[in-house]
There are 2 protein chains.
Amino acid sequence: MTQAAFFVLTALADQPRHGYGILREIEELSDGEVQLRVGTLYGVLDRLTADGLIALDREEVQQGRLRRYYRLTDEGVRALGAEAQRMAAGADAARRRLAEGRHAPGPGLAGGLA
Amino acid sequence: MTQAAFFVLTALADQPRHGYGILREIEELSDGEVQLRVGTLYGVLDRLTADGLIALDREEVQQGRLRRYYRLTDEGVRALGAEAQRMAAGADAARRRLAEGRHAPGPGLAGGLA
DNA sequence: CAGGATATATCGGCTGCCGATATATGCACA
DNA sequence: TGTGCATATATCGGCAGCCGATATATCCTG
């Protein structure tokens, strides 16, 4: 799963959203760090739909503008959970191995990682 | 940072390794889940070297075969730590939002259906 | 009426992963 | 002997996917 697909699924994890709303939500939930581009979005949406991880929820017209809402499918929920599991495991592995290596300790350890 | 680059850095996080050893190490540390391909490796190695995240450590000839060892640079250590941080945060965000949504609870929650 | 936010969509370029392929050595086995 | 496999390097073409640019349209603000 690509990074872009992961963030789209994450943005849809709590409730259905439309394309532009997904863009804003990803920026917000990542604290501004991740900015999915418009040119990326629709390709990802199409691919995730084709893969059965998301589905068209409904279409609304708000203030003359079409809003096409997508939602996670059950398979999408499972896939996102599994990917989160893999990412957490990968992050842990990296940190463990960095700690094992002969590197200078990183900053901010006082008060600790728990 | 791409997935492949992340795993290469992780494989080098505890000690210098040569290309083929990186391949085996990634497979082992990921419990067989991640299999970096040979065709991917050398491009990643070149790119990481150009980016200053890894450096050539030494070259050895073992049993008539050349072994080219790479190690993390200080910048590589920092970059891997930061990436692990981002991944852990992303995984957490996905899990939190899945829990917030109106989804069936995942497996393994004591008292669950399974 | 100009500019920006909202909202959709497409396309070309570039990056990057992967399968296939090539070369070479050491070892096990028939 | 010679066949195959693991080890170890490297390159190349195809294809997938991200991004910048572009296009269209509405609503609001100044």
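Throughout, a chain's letter reflects where its sequence line sits, starting with A, and its residues are numbered from 1. Atoms considered below: every heavy atom in the structure, side chains included; atoms not considered: hydrogens, waters and symmetry mates.
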Using atom types as modelled and distance alone, determine if a side-chain donor or acceptor of B:R17 lies under 3.5 Å from a backbone N or O of B:E25.
-> no
Select one nucleotide: of C:dT6, D:dT7, D:dT11, the one nearest the side-chain heavy atoms of A:R65.
->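 So the side chain of A:R65 is nearest to C:dT6.
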Checking side-chain contact (heavy atoms from CB on, under 4.5 Å) for the pair A:F7/A:L36: CA distance, chi angles, key distance, verdict?
-> CA-CA 8 Å; A:F7 280 109; A:L36 195 69; 5.8 Å; no
What distance do [X] atom [atom1] and [Y] atom [atom2] have between them, rounded to the nearest 0.5 Å?
X     : Y     : atom1 : atom2 : value
B:T73 : B:D57 : OG1   : CG    : 12.0 Å
B:E83 : B:L53 : CD    : CG    : 10.5 Å
A:L12 : A:Y69 : CG    : OH    : 11.5 Å
A:L9  : A:M1  : CG    : CE    : 5.0 Å

Could you give the [atom1]-to-[atom2] distance, from [X] to [N], as a whole number of Å?
X     : N      : atom1 : atom2 : result
A:R68 : D:dA25 : CZ    : P     : 16 Å
B:Q62 : D:dA8  : CD    : C1'   : 12 Å
A:E27 : C:dA5  : CD    : P     : 12 Å
B:Y70 : D:dA8  : OH    : P     : 14 Å
B:Y20 : D:dA10 : OH    : P     : 15 Å

Determine: side-chain N/O of B:R67 to OP1/OP2 of D:dA8, distance under 4.0 Å, yes or no.
->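 It does, given that an N or O in the side chain of B:R67 lies less than 4.0 Å from OP1 or OP2 of D:dA8.
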Less than 4.0 Å between a side-chain N and a carboxylate O, is that true for B:E59 and B:R68?
-> yes
Determine, for B:E100 against B:R97, whether the closest basic-nitrogen to carboxylate-oxygen distance falls under 4.0 angstrom.
->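 The answer is no: the pair does not qualify as a salt bridge.
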Footprint string (nucleotides 13-24 of chain D, 5' to 3'): B base within contact, S backbone only, - free, heavy atoms under 4.0 Å = ----SSBBB---
Among residues 51-61 of chain B, which residues get a heavy atom nearer than 4.0 Å to DNA chain D?
->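 Within residues 51-61 of chain B, no residue comes under 4.0 Å of DNA chain D.
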Between the side chains of A:Q15 and A:R71, does any donor sit under 3.5 Å from an acceptor?
->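 Side-chain D/A pair, A:Q15 to A:R71: absent.
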Identify, between B:L41 and A:Q63, the residue whose nearest nucleotide on DNA chain D lies closer to the 5' end.
-> B:L41
